[in-house]
Each structure stands twice: as structure tokens, then as C-alpha cells.
Q: 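Take a look at the following structure, please.
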Amino acid sequence: MDDVIIIGGSFAGLAAALQLGRARRKVTVLDTGLPRNRFAGHSHGLLGHDHKPPLDILAEARQQLARYPTVKLVNARADSISGTIDNFSVLTGDGESLGARRLILSYGVADQMPNVPGFAESWGTSIVPCPYCDGFEVAGQHWGLVWSGPPSHNYVRLYHDWTDTLTVFADGHDIPPDIRADLARRNIPVVDGRITEIARHGGHNATVKLDTGPNASVDILFAHPCNKPSASLHESLGLATVNTPLGIALKVDERRETSTPGIYAAGDLANALMASVTTAISHGATAGISAQQSMLV
Ligand SMILES: Cc1cc2nc3c(=O)[nH]c(=O)nc-3n(C[C@H](O)[C@H](O)[C@H](O)COP(=O)(O)OP(=O)(O)OC[C@H]3O[C@@H](n4cnc5c(N)ncnc54)[C@H](O)[C@@H]3O)c2cc1C
């Protein structure tokens, strides 16, 4: 039996494995190799790894983990979980049954692409979610924002630190008159109508096609589609969740323990606020250390 099974071996899961491996705990990491930022050419904002392809950062992390003889990285999906603290079982997609005293869930979230031709194909290049991740490279250029409700107003204020040229695409949303007045005061045009297609032109540039016409071109488009956990294992376990503006997150305490003793969660799956590689790594390391310290005799 392992001390810990980690489900999801990306930034959060590997950070947990590193702490556990250094504490000489026996760990299996199950991973299906689909990190959320795999669509992006470069990852930004992680100290020491800025502007590197995300898959390169993960490959280097896996290489470094090879030093630790008690850490096993397995390319497999976790399909189901049963048991309680000190005696959990995980069934993999390959039909293997694994046992562990603690679990760390770090299987991330999946962004739900709207049914708009070209949107999914542009995700991570012409359409991005986060100015901290991608804003610097397109600072001062013409940005577009796909409106997704009242929280979008905060993005308008945020984006001012990167550009003075912003166009809002209402995309069928009814933007209230007081917000429209504020946008007008900031010289931000609002394009009404629904987005029917996104046409990419290489680089970040995109043309936004609308049902009301005419089309509008921007240097980059920011959008915030809803997301959902990449697996439903937490549902079968009945773990408590919290609502976020874009979906749900697992509820955890400051040690990253979920509502079920012995099960910890880290990364975007349990991050109700700012999802990033840096926070995923920080929370993953905390989850690993918390799981290890919970087993001290
Ligand atoms: C387009 C885009 C660009 C981004 N750019 C940046 C950036 O520049 N800088 C930054 O800091 N952040 C960026 N982010 C955010 C960043 O991607 C996430 O915060 C980060 O990936 C979260 O790490 P994680 O380990 O929680 O989850 P993930 O990286 O999503 O990893 C989850 C892992 O779990 C695996 N998995 C899922 N289900 C199972 C299962 N049942 N069994 C086993 N394994 C499973 C998946 O295959 C995956 O490998 C970006 C996000 C997007 C969408």
C-alpha cells in the first residue's frame, strides 16, 4: 500500500509528490497528461520558468522527480475511489486497484468551449483568459473582451494596466445602462450582437464575426468560459464544494484537506480565486506536506 495516491500529475500534483518524495513517503501519481494550459505556447509568471512552454516545465519536473525512489509516476486515469482514511482504494482505467492511506486530488478543471466555430481552435492563442498570463506580450495593443456577466466589469478596470484600447463584445448579454455609461466614460466601445465565429489570422490576431455584422478585428480576445472539474471522483465521494463565478471548486481548509478526512485537494480543482501555475504549485506543496504530517506517529 502507498502512503499517498495523487490523482492528477500536473503542477499541483507533482509539487505534492516532490514534498512527499523528499520525506521518503511512498507515492503513486496517476496522470492522463492533459494540463489545462496545454493550448498555450508559453507559460508566464512562474518564477524561474517564465516564458517556457508549459509541457517543458512539466517534463523537467517529472525528470527531477526521478531522483526519488519512493515516487512512482503512472500514465493512467483514476476511474473510481472507495474507502476511508488509512485505507483508500483507487481503481485505474487499466483495471488496476491501488491502495493508499491518504489521497490528494489534483485533477484540475476543463474549460467548456462555447459552440462557436473557431473558438476552441483559438483557445490559448487568439483567445485567452488571463492578463497576468498573456497580457505583457500584447500590452498597448487592441484587446477585445467577451462579456460574460457583471464580473466582466472588473476585467475592464483590470485591463487598463495593460492597454487603453479595449472593445467589449456583449455577445447577447444585456449590459445595464449604468455599466454602459461607465464604459462610454472610459472610451470603450460596446459591440452588440452574438458572436457567430472567430477567425484566427496567425499570432494572436482574430476577427470576431457577429450575427448583427459588421465583423470586428482585435489583436487578442479575452474570454472567461465556464469550467468544470476534469473528473467526477469528488462527486461519488460526496466532497463539499464552493461556487465560483465560473464553476465549482472543492472546499478545503488551510491545510488543503477536503470535507472528508484523509483526502486533500490542490490546484485549480480547489481554487476558488486565482488559478495559476504558481498557486497550483504552492497549494500542491501544502497538500503534500499536510498529508505527510497527518501520518506522523
Ligand atoms: C489558455 C490558458 C493559458 C494559461 N496560461 C497560464 C500562464 O501563462 N501562467 C499561469 O500561471 N497559469 C496559466 N494558466 C492556468 C494554468 O493552466 C492552471 O492554473 C494550472 O494548469 C493548474 O494546474 P493543476 O495542476 O491544478 O491542473 P492541470 O494543470 O489542469 O492538471 C490536471 C492534471 O490532471 C490530469 N487528470 C484529469 N483527470 C484525471 C484522472 N481521472 N486521473 C488521472 N489524471 C487526471 C490531467 O490530465 C492533467 O494532467 C493558463 C490556463 C489556460 C486555460
Side-chain angles (χ1 to χ4, degrees), residues 5-18 28-59 61-62 73-81 90-94 96 98 103-113 119-138 204 220-236 246 249-250 252 256 265-271 273-285 287-288:
I5 293 174
I6 298 173
I7 301 175
S10 176
F11 303 100
L14 294 180
L18 180 58
T28 296
V29 183
L30 301 173
D31 187 53
T32 48
L34 298 171
R36 186 181 184 185
N37 56 356
R38 63 190 180 280
F39 307 101
H42 296 92
S43 172
H44 296 110
L46 176 64
L47 191 66
H49 293 281
D50 192 41
H51 200 66
K52 274 192 191 169
L55 298 183
D56 286 5
I57 301 173
L58 288 168
R62 280 193 295 270
L73 305 182
V74 180
N75 185 3
R77 190 180 65 241
D79 268 355
S80 67
I81 297 173
V90 177
L91 191 64
T92 73
D94 306 331
E96 199 180 349
L98 305 170
L103 297 178
I104 295 176
L105 308 184
S106 46
Y107 46 78
V109 300
D111 296 295
Q112 304 300 294
M113 296 293 107
F119 194 105
E121 294 81 354
S122 306
W123 184 241
T125 50
S126 300
I127 308 178
V128 295
C130 158
Y132 297 96
C133 303
D134 293 295
F136 182 86
E137 285 67 26
V138 285
H204 296 297
I220 193 159
L221 194 58
F222 283 77
H224 307 92
C226 289
N227 62 63
K228 61 176 196 183
S230 297
S232 56
L233 301 168
H234 57 282
E235 287 174 15
S236 55
L246 298 177
L250 297 197
V252 290
R256 315 302 303 171
D268 287 4
L269 178 63
N271 188 349
L273 293 172
M274 257 182 54
S276 75
V277 168
T278 304
T279 41
I281 289 172
S282 160
H283 292 170

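We count ligands from 1, going down the list as the structure has it; atoms in each ligand are counted the same way.
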Q: Please answer whether the main-chain N or O of G45 pairs with a side-chain N or O of D50 as donor and acceptor at a distance below 3.5 Å.
A: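 Here the side-chain-to-backbone pair exists.
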Q: Does even one non-hydrogen atom of P54 get within less than 4.0 Å of ligand 1?
A: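 No; P54 lies far enough from ligand 1 that no heavy-atom distance drops under 4.0 Å.
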Q: Between H224 (side chain only) and P129 (backbone N and O only), is there a donor and an acceptor less than 3.5 Å apart?
A: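 Present.
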Q: For A12 and ligand 1, does the shortest N/O to N/O distance drop below 3.5 Å?
A: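 Yes, since at least one N or O of A12 sits under 3.5 Å from an N or O of ligand 1.
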Q: Using modelled atom types and a 3.5 Å cut-off, is there a donor and acceptor pairing between side-chain atoms of T32 and backbone atoms of N75?
A: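 Side chain of T32 to backbone of N75: no pair is present.
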Q: Is there a side-chain contact between T125 and W123, using heavy atoms and a 4.5 Å cut-off?
A: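 They are not in contact (no side-chain heavy atoms under 4.5 Å apart), so the answer is no.
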Q: Can a non-hydrogen atom of V128 be found less than 4.0 Å from any atom of ligand 1?
A: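 For ligand 1, residue contact (heavy atoms, under 4.0 Å) with V128 is absent.
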Q: For ligand 1, is L30 a contact, meaning one of its heavy atoms is under 4.0 Å away?
A: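 Distance cut 4.0 Å: L30 passes for ligand 1.
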Q: Could you tell me whether some N/O pair between S276 and ligand 1 is separated by less than 3.5 angstrom?
A: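 In this structure, S276 places an N or O atom under 3.5 Å from an N or O of ligand 1.
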Q: Does D31 reach ligand 1, in the sense of a heavy atom lying below 4.0 Å from it?
A: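 Yes.
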Q: Give me the residue, atom name and distance of the protein heavy atom closest to atom 30 (O) of ligand 1.
A: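 In this structure, atom 30 (O) of ligand 1 has R36 N, 2.9 Å as its nearest protein heavy atom.
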Q: Looking at side-chain heavy atoms only, is the closest gap between I104 and V29 below 4.5 Å?
A: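 Answer no - side chains too far apart.
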Q: Are the side chains of H51 and H44 in contact, using a 4.5 Å heavy-atom criterion?
A: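 Counting from C-beta outward, H44 and H51 do come under 4.5 Å.
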Q: Could you tell me whether some N/O pair between D134 and ligand 1 is separated by less than 3.5 angstrom?
A: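 So ligand 1 has no N or O lying under 3.5 Å from an N or O of D134.
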Q: Is there a donor-acceptor contact under 3.5 Å from the side chain of S106 to the main chain of I7?
A: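 Present.
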Q: Taking non-hydrogen atoms only, is S43 closer than 4.0 angstrom to ligand 1 via side chain, backbone, both or neither?
A: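 Both of them.
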Q: Does the N or O separation between I7 and ligand 1 drop below 3.5 Å for any pair?
A: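 For ligand 1, there is no N or O atom that lies under 3.5 Å from one belonging to I7.
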Q: Could a heavy atom of G45 be found less than 4.0 Å from some atom of ligand 1?
A: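 Contact check G45 vs ligand 1: negative.
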Q: If we only count N/O pairs under 3.5 Å, is A78 in contact with ligand 1?
A: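 N/O-N/O distance under 3.5 Å: yes.
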Q: Using a heavy-atom cut-off of under 4.0 Å, does the side chain or the backbone of A280 touch ligand 1, or both, or neither?
A: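 Within the 4.0 Å criterion, A280 contacts ligand 1 through side-chain atoms alone.
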Q: Hey, does G33 come in under 3.5 Å of ligand 1, counting only N/O atoms on both sides?
A: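 Among all N and O atoms of G33, at least one is under 3.5 Å from an N or O of ligand 1.
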Q: Quick check: does any side chain N or O of T92 sit under 3.5 Å from a backbone N or O of E96, one acting as donor and the other as acceptor?
A: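 Side chain of T92 to backbone of E96, a donor-acceptor pair under 3.5 Å: yes, one is there.
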Q: For ligand 1, which is the ligand I care about here, please tell me if F11 has any N or O atom under 3.5 Å from one of the ligand's N or O atoms.
A: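 Yes, at least one N or O pair falls under 3.5 Å.
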Q: Measuring only between side-chain heavy atoms, which start at C-beta, is R77 closer than 4.5 Å to L30?
A: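 No, side chains not in contact.
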Q: Which residue holds the protein heavy atom closest to atom 45 (C) of ligand 1, what is that atom called, and what is the gap in Å?
A: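 Answer for atom 45 (C) of ligand 1: T32 OG1, 3.2 Å.
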Q: Are any of the N or O atoms of D111 closer than 3.5 Å to those of ligand 1?
A: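 For ligand 1, there is no N or O atom that lies under 3.5 Å from one belonging to D111.
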Q: For Q112 and P225, which heavy atoms make the closest approach, and how far apart are they?
A: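 Minimum heavy-atom separation between Q112 and P225: O-CB, 3.3 Å.
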Q: Report, in ascending order of atom number, the atoms of ligand 1 lying under 4.0 Å from any heavy atom of S10.
A: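 In order of number, 25 (O), 28 (P), 29 (O), 31 (O), 32 (C), 33 (C), 49 (O).
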Q: Measure from atom 50 (C) of ligand 1 to every heavy atom in V277, T278, N37 and give the option owning the shortest one.
A: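 It is N37 that holds the nearest heavy atom.
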Q: Going by heavy atoms in the side chains, are L233 and Y107 under 4.5 Å from each other?
A: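 Yes; the side chains approach each other to less than 4.5 Å.
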Q: Kindly confirm or rule out an N or O of G267 lying under 3.5 angstrom from an N or O of ligand 1.
A: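 By distance alone, the answer is no.
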Q: Where the closest heavy atom to atom 1 (C) of ligand 1 is concerned, which of G124, G13, C133 has it?
A: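 Looking at heavy atoms only, the winner is G124.
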Q: Could you tell me whether ligand 1 has any atom less than 4.0 Å away from a heavy atom of W123?
A: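 Yes, W123 has a heavy atom closer than 4.0 Å to ligand 1.
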Q: Can you check whether V90 reaches L103 side chain to side chain, under 4.5 Å on heavy atoms?
A: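 Contact flag for V90/L103 side chains = yes.
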Q: With heavy atoms under 4.0 Å as the rule, classify the contact between C130 and ligand 1 as side chain, backbone, both or neither.
A: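 C130 to ligand 1: no contact under 4.0 Å from either part.
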Q: Report yes or no: does D31 contribute a side-chain atom to a donor-acceptor pair with the main-chain N or O of G33 at less than 3.5 Å?
A: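 Pair found, side chain donor or acceptor close to backbone of G33.
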